[in-house]
Amino acid sequence: VQLQASGGGLVQAGGSLRLSCAASGRTFSSYRMGWFRQAPGKEREFVAAVSWSGGTKYYGVSVKGRFTISRDNAKNTVYLQMNSLNPEDTAVYYCAADPYSSNIADPSYPYWGQGTLVTVSS
C-alpha cells in the first residue's frame, strides 16, 4: 500500500484547508484510514479515522467539531477538511492505512504516507 498526502500549506488563523491522501491498491474500499499529525518537538498525535465504508468516524479531542474526515472509495482517496484552524494545528500531517483491522480506535497502522506540512499563522 502506498499513500500520497497533499494539500498542506500556509493559512491564516481561522482559515481552512483540505488535505487529500491518495492510496494505491485495488482493495482501498476495505482499508481503515486515519490521519495523524506531528508538531515540532512533540509526539505524533491522532487526528481522525474513518471506517472502510465511511460510515464510522472517530476524532481526536483537539480537532473534534473543526475537522471532518471523509473518503471517496471510487477515487481511492481520503480527505481531511480542516476548519477554524489555529496556530496549534501547525504540524506535519500524515495519512495511514490499515487493510487488516476494522477497529477504528486502534492507533496502530501498518502503512504511512510521507506527510504534508500545514502551517497556521497567527
Side-chain angles (χ1 to χ4, degrees):
V1 177
Q2 292 185 328
L3 304 171
Q4 181 72 41
S6 62
L10 175 64
V11 63
Q12 289 187 336
S16 299
L17 275 177
R18 189 177 81 156
L19 305 183
S20 300
C21 176
S24 65
R26 290 176 292 176
T27 57
F28 172 80
S29 60
S30 67
Y31 300 170
R32 174 172 69 102
M33 299 294 297
W35 285 98
F36 292 77
R37 67 186 183 186
Q38 188 165 20
K42 295 187 177 181
E43 294 186 353
R44 187 173 64 198
E45 176 188 11
F46 168 75
V47 174
V50 62
S51 62
W52 64 271
S53 68
T56 303
K57 302 175 183 180
Y58 184 56
Y59 295 95
V61 172
S62 61
V63 306
K64 196 170 185 179
R66 299 188 298 124
F67 291 10
T68 302
I69 189 170
S70 62
R71 65 189 298 160
D72 185 338
N73 286 340
K75 295 183 178 179
N76 279 20
T77 302
V78 63
Y79 304 98
L80 185 69
Q81 177 66 43
M82 306 185 295
N83 298 329
S84 301
L85 286 162
N86 59 64
E88 290 69 40
D89 295 316
T90 295
V92 177
Y93 284 71
Y94 299 90
C95 60
D98 187 349
Y100 312 117
S101 171
S102 61
N103 181 0
I104 198 169
D106 185 348
S108 177
Y109 284 77
Y111 299 103
W112 293 82
Q114 87 291 355
T116 186
L117 177 62
V118 172
T119 303
V120 184
S121 63
S122 57

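Pairs engaging residues 40-94 under the disulfide (SG to SG under 2.5 Å) rule: none recorded [sequence neighbours left out]. The disulfide (SG to SG under 2.5 Å) analysis of residues 38-122, with sequence neighbours excluded, yields the pairs C21-C95. Residue pairs meeting the side chain to side chain donor-acceptor pair (under 3.5 Å) criterion with at least one partner in residues 111-122, sequence neighbours excluded, are Y100-Y111. Screening residues 26-90 for disulfide (SG to SG under 2.5 Å) gives no qualifying pairs among residues at least two apart or on separate chains. Within the structure, every pair that satisfies the side chain to side chain donor-acceptor pair (under 3.5 Å) test and touches residues 64-75, not counting sequence neighbours, is listed here: R66-D89, R71-N73. Among residues at least two apart or in separate chains, side chain to side chain donor-acceptor pair (under 3.5 Å) pairs with a member in residues 2-18 are S16-N83. Among pairs with a residue in residues 60-91, none fulfils disulfide (SG to SG under 2.5 Å), at least two apart in sequence or across chains.
The side-chain heavy atoms of V92 and Y94, taken from C-beta on, include a pair separated by under 4.5 Å. When side chains are defined from C-beta on, S24 does not count as touching N76, because their heavy atoms never get closer than 4.5 Å. Two residues are said to be in side-chain contact when any heavy atoms from C-beta on lie closer than 4.5 Å; R37 and V63 meet this criterion.
T77 and S20 get closest at one heavy-atom pair: CG2-CB, 4.2 Å. Shortest non-hydrogen contact noted between A23 and L3 is CB-CD2, 3.5 Å.
Hydrophobic clustering (ILVMFWY, side-chain heavy atoms < 4.5 Å, transitive): L17 and L80 are in one cluster. Hydrophobic clustering (side-chain heavy atoms under 4.5 Å, transitive across Ile, Leu, Val, Met, Phe, Trp, Tyr) groups I69 together with F67. In the hydrophobic clustering of ILVMFWY residues, with side-chain heavy atoms under 4.5 Å counting as a link, L19 and V1 come out together. In terms of hydrophobic clustering, with Ile, Leu, Val, Met, Phe, Trp and Tyr side chains grouped at heavy-atom distances under 4.5 Å, L85 and Y59 are assigned to a common cluster. When hydrophobic clusters are built by joining Ile, Leu, Val, Met, Phe, Trp and Tyr residues whose side-chain heavy atoms come closer than 4.5 Å, directly or via intermediates, Y79 is not grouped with M33.
For S30, the side chain to side chain contact (heavy atoms under 4.5 Å, CB included) test picks out T27, with sequence neighbours left out. Qualifying side chain to side chain donor-acceptor pair (under 3.5 Å) partners for R44, counting only residues two or more places apart in sequence or in other chains: none. Y31 meets the ring-ring contact (aromatic ring centres under 6.0 Å, His included) test with F28; sequence neighbours excluded. In this structure, the side chain to side chain contact (heavy atoms under 4.5 Å, CB included) partners of A13, at least two apart in sequence or on a different chain, are P87, V120.
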In residues 102-109, what donor-acceptor pairs under 3.5 Å come from side-chain atoms, sequence neighbours left out?
| residue | atom | partner | partner atom | Å |
| --- | --- | --- | --- | --- |
| N103 | OD1 | A105 | N | 3.2 |
| D106 | OD1 | S108 | N | 2.9 |
| Y109 | OH | R32 | NH1 | 3.0 |

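For S62 and E88, the side-chain atoms include no donor-acceptor pair closer than 3.5 Å.
Within a 6.0 Å sphere centred on CZ of F46, other residues, nucleotides and ligands contribute more than 12 heavy atoms.
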